[in-house]
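Notes to accompany the following structure.
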Amino acid sequence: MPTTRTDSVDADAVRELFEHRYGRAPDVVASAPGRVNLIGEHTDYNGGEVLPIAIARRTWVAVSADRAARSSLLRAVSSNETNVGEAQLEPPKRSERWWDYLTGVAAPLVAAPLGGKAPRPVAIDAAVVSDVPAGAGLSSSAALEVATALAVSTALGETLPLREAAMVAWRAETEFVGVACGIMDQFASALAREAHALHLNCDTIETDDAPFRDAVLIIDSAVRRSLRHSEFNQRRAECERALELLQQRWPALRNLAEATPEQVAEANLPDPLGRRAMHVSRETRRVREAVAMLDAGEPLSGKLLLESHESLRDLYECSRPELDWLVERSIAEPGVRGARLTGAGWGGCIIAVGSEDALNAAAPAIQRDYVAKFGLTPRLWLSKAARGAAVEAR
Ligand code: ADP
Ligand code: MG
């Protein structure tokens with residue numbers, strides 16, 4: 001049976017780790033969830049829309065801030081890592097290690113407190129516990145960054161709005177850690193609400209909530225994503241080229257997602273640019289359709305999910321036989337309404353959507369058949385739309 005969450009990972013656990021490590025109580029505990037995207041894939045960097053939920057797995061960060069320190073230094077410990085981190089914050093020093101995510105978030109908060117007070121040295125001690133699986137595409141990095149942003153800012157006596165926390169987290173990941181990700185992960189982790197999906201326009205950064213009461217079964221295919229980086233960069237370049245060609249005809253187009261399917265068809269772009277552009281154009285419109293359904297109190301349509309998957313498979317060409325098989329196998333189970341690849345593709349996860357009972361009942365057979373067919377051991381997680389980031393205690 002897929003696990004929903006790990007009960008031992010909570011505010012008490014992170015407080016205990018902090019006290020064990022530093023010999024005193026933390027000033028603040030904050031937490032932030034991982035996320036999974038329901039629909040809207042490869043739309044984020046094309047100015048389109050996405051629809052993630054926060055999952056019921058979280059990262060908890062406990063922090064203290066010592067203002068009597070002589071230099072701004074970060075110390076960090078994580079229950080998921082054997083190495084303890086130590087890093088200079090002013091100027092921030094990169095280590096290429098796991099605590100870079102904390103350094104990248106804490107450094108700007110320490111250097112420029114929101115209240116505009118003159119910067120002075122602050123030593124930050126941090127402890128981390130988490131049940132978000134790392135590297136599985138559920139955005140453990142964003143969960144860590146967002147929880148750190150809330151904990152550190154609160155320890156510094158500031159109230160960081162959740163949107164600001166998302167932006168600090170996103171800048172840390174893109175500018176400090178150096179991963180060129182879109183804004184979805186940090187926004188979902190910071191702003192998603194329980195029993196709702198977060199509808200995010202990646203061009204305007206406007207957000208709204210859509211009620212989402214189904215459960216989601218997340219299946220990690222365990223396929224090595226060796227091609228992922230080069231193929232991903234190639235898709236980005238193809239999208240840029242497709243936009244240039246479309247703009248020659250429609251100069252007012254601001255991004256690829258804005259182009260309508262009719263415009264893309266009319267432009268008759270060379271292959272594969274036409275297919276890439278058509279995916280982006282239709283996928284962003286599928287997000288709008290999904291939101292309209294959810295807002296009307298209807299469940300997320302399985303047809304829409306499957307159309308999204310087929311488009312990723314045939315037009316964007318970022319699926320894999322293992323992912324296609326998992327989607328087909330999942331929707332063959334009673335009560336599973338729809339399924340699709342989620343995340344960038346070329347490996348990674350699929351989601352199946354339906355009632356919690358149906359997904360729980362379907363999971364063992366899908367798992368067993370996948371192992372038999374591909375000799376790979378998938379990991380499965382079941383979640384409903386969970387709450388976003390929060391300061392838990394101070
Ligand atoms: P994803 O965000 O999909 O899980 P990433 O590669 O973006 O994968 O981020 C995973 C990295 O984030 C880990 O290798 C580790 O460096 C860091 N990380 C995430 N969660 C934790 C944690 N609880 N403790 C320490 N480091 C973590
Ligand atoms: Mg990540």
Side-chain angles (χ1 to χ4, degrees), residues 4-5 9-11 29-41 43-44 48-61 130-132 137-151 153-154 159-170 182-202 204-218 287-301 304-305 342-343 351 353-356 359 381-393:
T4 37
R5 61 176 294 255
V9 177
D10 57 16
V29 173
S31 78
R35 65 93 190 94
V36 73
N37 192 21
L38 295 178
I39 195 161
E41 220 65 71
T43 48
D44 56 347
E49 296 169 34
V50 294
L51 191 66
I53 58 168
I55 60 170
R57 287 176 164 258
R58 307 179 76 79
T59 296
W60 300 75
V61 177
S130 176
D131 61 2
V132 184
L138 301 179
S139 220
S140 68
S141 59
L144 179 56
E145 292 151 3
V146 171
T148 301
L150 287 183
S153 57
T154 307
T159 305
L160 195 64
L162 290 168
R163 268 178 173 270
E164 285 299 313
M167 288 309 293
V168 169
W170 178 72
I183 58 167
M184 170 170 71
D185 301 353
Q186 290 78 16
F187 268 67
S189 183
L191 293 173
R193 285 174 51 210
E194 189 172 8
H196 289 79
L198 183 78
H199 178 207
L200 169 64
N201 181 320
C202 298
T204 61
I205 324 190
E206 281 167 340
T207 57
D208 55 87
D209 297 314
F212 181 75
R213 300 195 180 279
D214 270 323
V216 175
L217 179 63
I218 304 159
V287 172
R288 289 177 208 156
E289 227 181 294
V291 170
M293 268 172 202
L294 297 178
D295 280 341
E298 293 163 29
L300 186 54
S301 130
L304 214 54
L305 292 168
T342 188
I351 51 165
V353 175
S355 74
E356 197 168 349
L359 296 175
W381 302 278
L382 187 65
S383 184
K384 298 189 88 170
R387 68 192 174 98
V391 175
E392 305 287 347

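Heavy-atom basis, side chains included; hydrogens, waters and symmetry copies ignored.
Between atom OG of residue Ser383 and atom CD1 of residue Ile53 there is a gap of 5.0 Å, rounded to the nearest 0.5 Å. Distance check, rounded to the nearest 0.5 Å: CG of Asp44 to CD of Glu49 gives 12.0 Å. In this structure, CZ on Phe187 lies 5.5 Å from CE on Met167, to the nearest 0.5 angstrom. From Leu51, atom CG reaches atom CD of Glu289 across 12.5 Å, with rounding to the nearest 0.5 Å. Rounded to the nearest 0.5 Å, atoms CG (Asn37) and OG1 (Thr43) are 7.0 Å apart. Atom CG in Leu191 sits 14.0 Å away from atom NE2 in His199 (nearest 0.5 Å).
Between Val353 and Leu359, the closest side-chain pair of non-hydrogen atoms is not below 4.5 Å. Side-chain contact between Met184 and Leu198 is absent, with no heavy-atom pair separated by less than 4.5 Å. When side chains are defined from C-beta on, Trp170 does not count as touching Asp185, because their heavy atoms never get closer than 4.5 Å. Between Val287 and Val50 there is no side-chain heavy-atom pair separated by less than 4.5 Å.
Closest approach of Ala166 and Ala190 over heavy atoms only: CB-CB, 3.9 Å. The two atoms that bring Pro33 and Ala54 nearest to each other are CG-CB, 3.5 Å, heavy atoms only. Residues Ala149 and Leu160 share a closest heavy-atom pair of O-CD2, 3.7 Å. Between Leu294 and Leu300, the shortest heavy-atom contact is CD2-N, 3.8 Å. Ala210 approaches Val291 most closely through the heavy-atom pair CB-CG1, 4.4 Å.
Within the structure, the side-chain hydrogen bond (donor to acceptor under 3.5 Å, both in side chains) test picks out the following pairs touching residues 140-151 (sequence neighbours left out): Ser141-Glu173, Glu145-Gln186. Sorted by first then second residue, the side-chain hydrogen bond (donor to acceptor under 3.5 Å, both in side chains) pairs that include residues 187-197, not counting sequence neighbours, are Arg193-Asp209.
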Could you go through the side-chain contact (heavy atoms from CB on, under 4.5 Å) check for Glu206 and Leu200 one step at a time?
CA-CA 6 Å; Glu206 281 167 340; Leu200 169 64; over 6 Å; no
With side-chain contact (heavy atoms from CB on, under 4.5 Å) as the test, would you mind laying out the steps for Leu162 and Leu150 before giving the verdict?
CA-CA 8 Å; Leu162 290 168; Leu150 287 183; 3.9 Å; yes
Take Ser130 and Arg57, measure what side chain to side chain donor-acceptor pair (under 3.5 Å) needs, and give me the verdict at the end.
CA-CA 8 Å; Ser130 176; Arg57 287 176 164 258; over 6 Å; no
Please walk me through it: do Val61 and Val29 pass side-chain contact (heavy atoms from CB on, under 4.5 Å)?
CA-CA 6 Å; Val61 177; Val29 173; over 6 Å; no
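Side-chain N or O atoms of Asp131 include one that pairs as donor or acceptor with a backbone N or O of Arg58 at under 3.5 Å.
With sequence neighbours excluded, the residues forming a side chain to side chain contact (heavy atoms under 4.5 Å, CB included) with Ala195 are Arg213, listed by chain and number.
For the pair Lys384 and Asp214, the salt-bridge criterion is not met [side-chain N within less than 4.0 Å of a carboxylate O].
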